[in-house]
Amino acid sequence: MVIIVILTLLTFGIVTIAVVSGYYWASAESPVAQRLKTLVPELGSQAKAKKKGPSLGARLLALLGTYSFGGRENSLAQRLSYAGIRGPRAVVLFLGMRTLFSFGPALVVLVPRISSGKPLGYALLMAALVWACGHVLMNLWLRVRLTRRVQELTSALPDTLDLMVTCLEAGLGLNAAIARIGEERSGREDALGREFAQVAFELRSGRTREDALRGLGDRNGVEDLKALSGLIIQSDRLGASMAQTLRSHADLLRTKRRQRAEEAARKLPIKMLFPLAFFILPALFIVVGGPAMLRLKDLVDLVVNH
């Protein structure tokens, strides 16, 4: 009974501290805003009114992710970037969501079982299993999102290169062609179009073309984009025809896409073998051999009786 009371009070204290800390952290002003408000009160109030910060829920998730495990993992930030989840708080927001969806259900399972007087070991085991399921599901969601986005970028790259070749042959420069592609394709909720729009924004901001193109390949984790960036940089240095180079590379990427489709088609019979063996063939054997087995059983019974 004492253990139940201690765990209940501990859970209540943790939740209360988290809520109060999140409230004060969400309502507190940043040091820059405080200094601006001190120096120029009118300007500080206008900047505070114009600049809308993150929501309270996002701040609470970020606070929760700051004190969770794995907050400084560079690999997690890289995977989030590959999945298209970026920003200064992307890591802590994801860690906060993962903590919420793992520890939250675990506490929901743990506290009622302990309060009802069930064995502590069994309750802890069930809570640990629920926590592990939530943790794994969040990581699986991130992996699925990452894989889907990489496939989307890879499949859209040849058509985008064809559009870039058309723009170059129409007389546009490389920077103007990149900006045109980003403008055309980003409006259709295309991931590759948004990436080209970001490259165009970086070029307009003063970043060199080489750095912007290398950043395009590094932040997405797509080997074809890295190869394209290196090819454009090398062609720009050597003074080669950019349109002809991109047309040849587009043909190569289209060939690789067709080869990947053929590879997936050849793997299909092997993937169909297990569903066929475990779900279709047993039912087929029952339908085909069931009447014969029943007939054979009747004949055996008849012979035994006589």
Side-chain angles (χ1 to χ4, degrees), residues 74-75 77-87 90 143-268:
N74 294 328
S75 60
Q78 189 177 29
R79 285 186 294 158
L80 289 172
S81 178
Y82 292 168
I85 305 173
R86 296 163 188 161
R143 180 176 297 181
V144 170
R145 181 184 174 96
L146 189 153
T147 304
R148 185 182 301 143
R149 190 171 186 275
V150 169
Q151 291 177 353
E152 181 182 356
L153 292 175
T154 304
S155 61
L157 188 55
D159 299 332
T160 304
L161 288 183
D162 291 337
L163 181 59
M164 185 180 292
V165 170
T166 304
C167 293
L168 290 174
E169 291 180 345
L172 294 179
L174 182 59
N175 293 354
I178 293 175
R180 183 67 176 176
I181 291 172
E183 181 182 354
E184 291 291 334
R185 296 186 67 95
S186 61
R188 297 182 296 172
E189 297 298 328
D190 183 64
L192 188 58
R194 290 193 294 268
E195 292 298 328
F196 274 99
Q198 183 174 352
V199 172
F201 176 75
E202 292 175 355
L203 292 174
R204 289 194 301 267
S205 301
R207 193 177 184 184
T208 62
R209 184 187 299 172
E210 182 175 350
D211 293 339
L213 290 174
R214 291 191 186 279
L216 173 65
D218 292 338
R219 67 174 172 264
N220 290 286
V222 182
E223 295 298 329
D224 291 341
L225 276 179
K226 293 180 180 179
L228 175 63
S229 302
L231 181 65
I232 293 176
I233 293 171
Q234 192 69 19
S235 300
D236 192 16
R237 288 178 179 177
L238 298 177
S241 175
M242 193 65 67
Q244 185 64 33
T245 302
L246 293 179
R247 181 183 289 108
S248 302
H249 192 65
D251 294 337
L252 176 62
L253 292 179
R254 197 171 289 107
T255 303
K256 291 175 63 176
R257 185 174 61 182
R258 184 174 61 253
Q259 290 175 352
R260 285 193 294 266
E262 293 175 355
E263 182 182 0
R266 291 191 181 96
K267 290 180 180 178
L268 187 60

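- When all heavy atoms of G217 and S229 are compared, the closest pair comes out as N-OG, 4.1 Å.
- The shortest heavy-atom contact between R257 and S155 is NH1-O, 2.8 Å.
- Here the shortest heavy-atom pairing between I232 and M242 reads O-CE, 3.9 Å.
- The shortest distance between side-chain heavy atoms of R207 and V199 does not fall below 4.5 Å.
- Taking all atoms of both residues into account, the shortest heavy-atom contact from L161 to A250 is CB-CB, 3.8 Å.
- Put simply, CD on E184 and SG on C167 are 8.0 Å apart, with the number rounded to the nearest 0.5 Å.
- Two residues are said to be in side-chain contact when any heavy atoms from C-beta on lie closer than 4.5 Å; E263 and K267 meet this criterion.
- Side-chain atoms of R219 come within 3.5 Å of backbone atoms of G215 as a donor-acceptor pair (strictly under, hydrogens ignored).
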Take R145 and I85 through the test side-chain contact (heavy atoms from CB on, under 4.5 Å) and record every step on the way to the result. CA-CA 10 Å; R145 181 184 174 96; I85 305 173; 3.5 Å; yes
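- The nearest pair of heavy atoms linking G221 to K226 is CA-CE, 4.4 Å.
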Step-by-step side-chain contact (heavy atoms from CB on, under 4.5 Å) determination, T154 to L253: CA-CA 9 Å; T154 304; L253 292 179; over 6 Å; no
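- Between the S81 side chain and the A77 main chain, no donor and acceptor come within less than 3.5 Å of each other.
- Atom CG of L203 and atom CG of L213 lie 7.0 Å apart (nearest 0.5 Å).
- Scanning both residues, Y82 and D218, for their nearest heavy atoms gives CE2-O, 3.3 Å.
- Test L153, D159, I181, V222 against L192 for side-chain contact (heavy atoms from CB on, under 4.5 Å) and you get one pass: L153.
- Within a 6.0 Å radius of CZ in R148, other residues, nucleotides and ligands contribute 12 heavy atoms or fewer.
- Side-chain atoms of R185 never come within 3.5 Å of backbone atoms of D190 as a donor-acceptor pair (strictly under, hydrogens ignored).
- If you check the side chains of R149 and N220, you find a donor sitting under 3.5 Å from an acceptor.
- A distance of 12.5 Å separates CG of L216 from CG of D211, quoted to the nearest 0.5 Å.
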In sequence, state the C-alpha distance, the side-chain angles, and the governing distance for L80 and R86, and then conclude on side-chain contact (heavy atoms from CB on, under 4.5 Å). CA-CA 7 Å; L80 289 172; R86 296 163 188 161; over 6 Å; no
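- Around CZ of R180, the count of heavy atoms belonging to other residues, nucleotides or ligands within 6.0 Å does not exceed 12.
- The pair R214-E202 does not meet the salt-bridge criterion, since no charged nitrogen lies less than 4.0 angstrom from a carboxylate oxygen.
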Are R254 and D162 close enough, and set up right, to give a side-chain contact (heavy atoms from CB on, under 4.5 Å), and what steps lead you there? CA-CA 11 Å; R254 197 171 289 107; D162 291 337; 2.3 Å; yes
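- Taking CG from L163 and CG from L246, the interatomic distance works out to 11.5 Å, rounded to the nearest 0.5 Å.
- Using a 4.5 Å heavy-atom cutoff, the side chains of K256 and D224 are in contact.
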